[in-house]
Amino acid sequence: MSDHTTPIHYQVSVRNLHAHQWEVVLSLQQPNALQLLQLPVWIPGSYMVREFSKQLSDITAMQNGTACVLEQTAKATWQVDTDPSLTLQVRYTVHAYDASVRTAWLDALRGFFNPTSVCLIAVGHEAQPHAIEIVQPEACPHWRLATALQPVKTHAKGFGLYQAANYDELADSPVEMADFWAGEFVAKGVPHRVVVTGTAPSFDGVRLLADMQKIAETEIRFWQGAGKPPHDRYVFLINAVADGYGGLEHSHSTALMCKRDDLPRTDQIALSDGYISLLGLISHEYFHTWNVKRLRPATFTHYDYTQENYTSLLWFFEGFTSYYDDLLLCRAELISPAVYLKLLGKTLNGVLQTPGRQVHSVAQASFEAWTKLYRPDANSPNLSISYYAKGALVGLCLDLTLRKTGHNLDQLMRHLWQHCKAGPMNENDVLNALKALTGRSWHREIKAWVHGTAELPLRELLLAQGVDIIEENSPLAQQLGLRVQENHAVQIQTVLNGSAAEMAGFAPGDEWLGVAIAGNRRRPASAWRIRRMDQLPSLLDKHKSFTALISRDGRLLQLPLRMPTQSVKQWRLGIAQAHKVGQWLSGKQP
């Protein structure tokens, strides 16, 4: 199959299934005399340079059966000397064995790719129509294909020719291939396709579709009221695995990964925590259909796929989306207000237990996502804060503060959508929208909450909204200032700044083997092996000082450790005034 009407054409086929190799043939009808080819180094929505070109090999170029001179000029750039009157054909191989939602995958069970990982950019031709032909693997006759790209000529299983208006649309359209489960629902007149790869026999697809329809209808109503949504189709690509989680938004689709055990089961009545988490992820990525894919930072008006694209606004686009993802599950009546407050409490405690919030503003965290959020190490919690989590709490503070003026955050979001014409925006647009709604300046709040590192006014705002705040002792690891992994041993992952563990000399990578407790006249000295943190209270009894026995780099260390004199607290949120809480969660005006 070929397409002679589209100036840029890709053919993607399996080169070697068990070597996880795609073969790509790019045909360019009217190349430049010196044609540059580039592979993106990142994918929009995931703010990290991932160097997709490291998986590309065996690249050759031909015109009319004759090899062209092709030279690599940079890590992800090639140039070809061509005759502009002849079609240029570039052939190459892409290794695909990254199970994430961001790149490409191929094995005997499943094929998947984002075009940013496999489709070279023909520089100078990005704005022209692009066609992509996907060939069904002969070894996988049972596979079907799903994508949000517009079909041109495809057969019943979805393989064949698709078209995009330009490279941006192509790059924004992931492709799933497998013997997957598929279902459909309609929300506000828009057809939505759901495909799930890797389901277990007990998977309850009927329930998943019903719940996803509620989410889609709630979010369309949130943004559009009774109006039409900005998309005419939508595809959810869900990959269910033994252990994994993640999502990546696109204009007409989303790629999702979840634990297989988190999918709803036919023998299950109550919502499991894992299924609630999955519904929250679905809600989050679908909300991005408006907030970041269309309403977007001004610096994202045109993506530069060759380098980092910086913005200080991810606290708004990711943080506010994180605020609304679970909140809209509550409005869709998929979770109760009590469950919502439990989820909010988890986010709140995560921020309050991260020292990095005191040294790194959420605007800085947004700008430095490329080097901090997406490249975490053992010291990251001491240096930075998540713009997802703190951004969600900034959204909460704005919402509850706006409610004091007779408005709410919903109105701000819709005002921005209409004022910015569902397109580029900047921080001044947020400030101007707040002033338009309330008649006063919000520079002080945005400066303090977004560009500062002082604590957010969470307590006073939540109490005023009818939320009960119960303070409880944090888990023992948090009391000591540790983040650990417990799997037959206590492995130290992070030591928090200013903590008892830091003063004792703990370091990331240590294995905590046991404790030694000094004796007295009534009780002899003792030493104990530990494998979990929850063993410590029964071993220590009333002792506040003890010795931690540590293994580091093959050496055994004894670290004197003293329990902090002041307990580290965490919050549990409850409902004190149901009417006030209900008004807030439902989005009703005060």
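Being a predicted model, the structure only gives us computed values, none of them experimental.
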Positive for side-chain hydrogen bond (donor to acceptor under 3.5 Å, both in side chains) with His284, one of Thr321, Asp326, Asp325: Asp325
Whether Lys390 side chain and Gly319 backbone form a donor-acceptor pair below 3.5 Å: no
Side chain proximity check, Gln136 to Leu145, heavy atoms < 4.5 angstrom: no
salt_bridge(Lys259, Asp261) N-O dist < 4.0 Å: no
Under 3.5 Å: donor-acceptor pair, side chain of Trp42, backbone of Asp304: yes
Main-chain N/O of Ala148 paired to Arg233 side chain as donor or acceptor, under 3.5 Å: yes
Pair Phe320 and Trp315, ring centroids less than 6.0 Å apart: yes
Ring centre gap for Phe317 and Phe300 strictly below 6.0 Å: no
Within the 6.0 Å centroid threshold, strictly below: Trp105 and Phe113: no
Side-chain ion pair, Glu133 and Lys153, N-O less than 4.0 Å: no
Closest heavy-atom pair and its distance - Asp83, Pro31: O-CG, 4.1 Å
Contact check, side chains of Leu56 and Leu120, non-hydrogen atoms, under 4.5 Å: yes
Ionic contact status for Asp172 with Lys293, cut-off 4.0 Å: yes
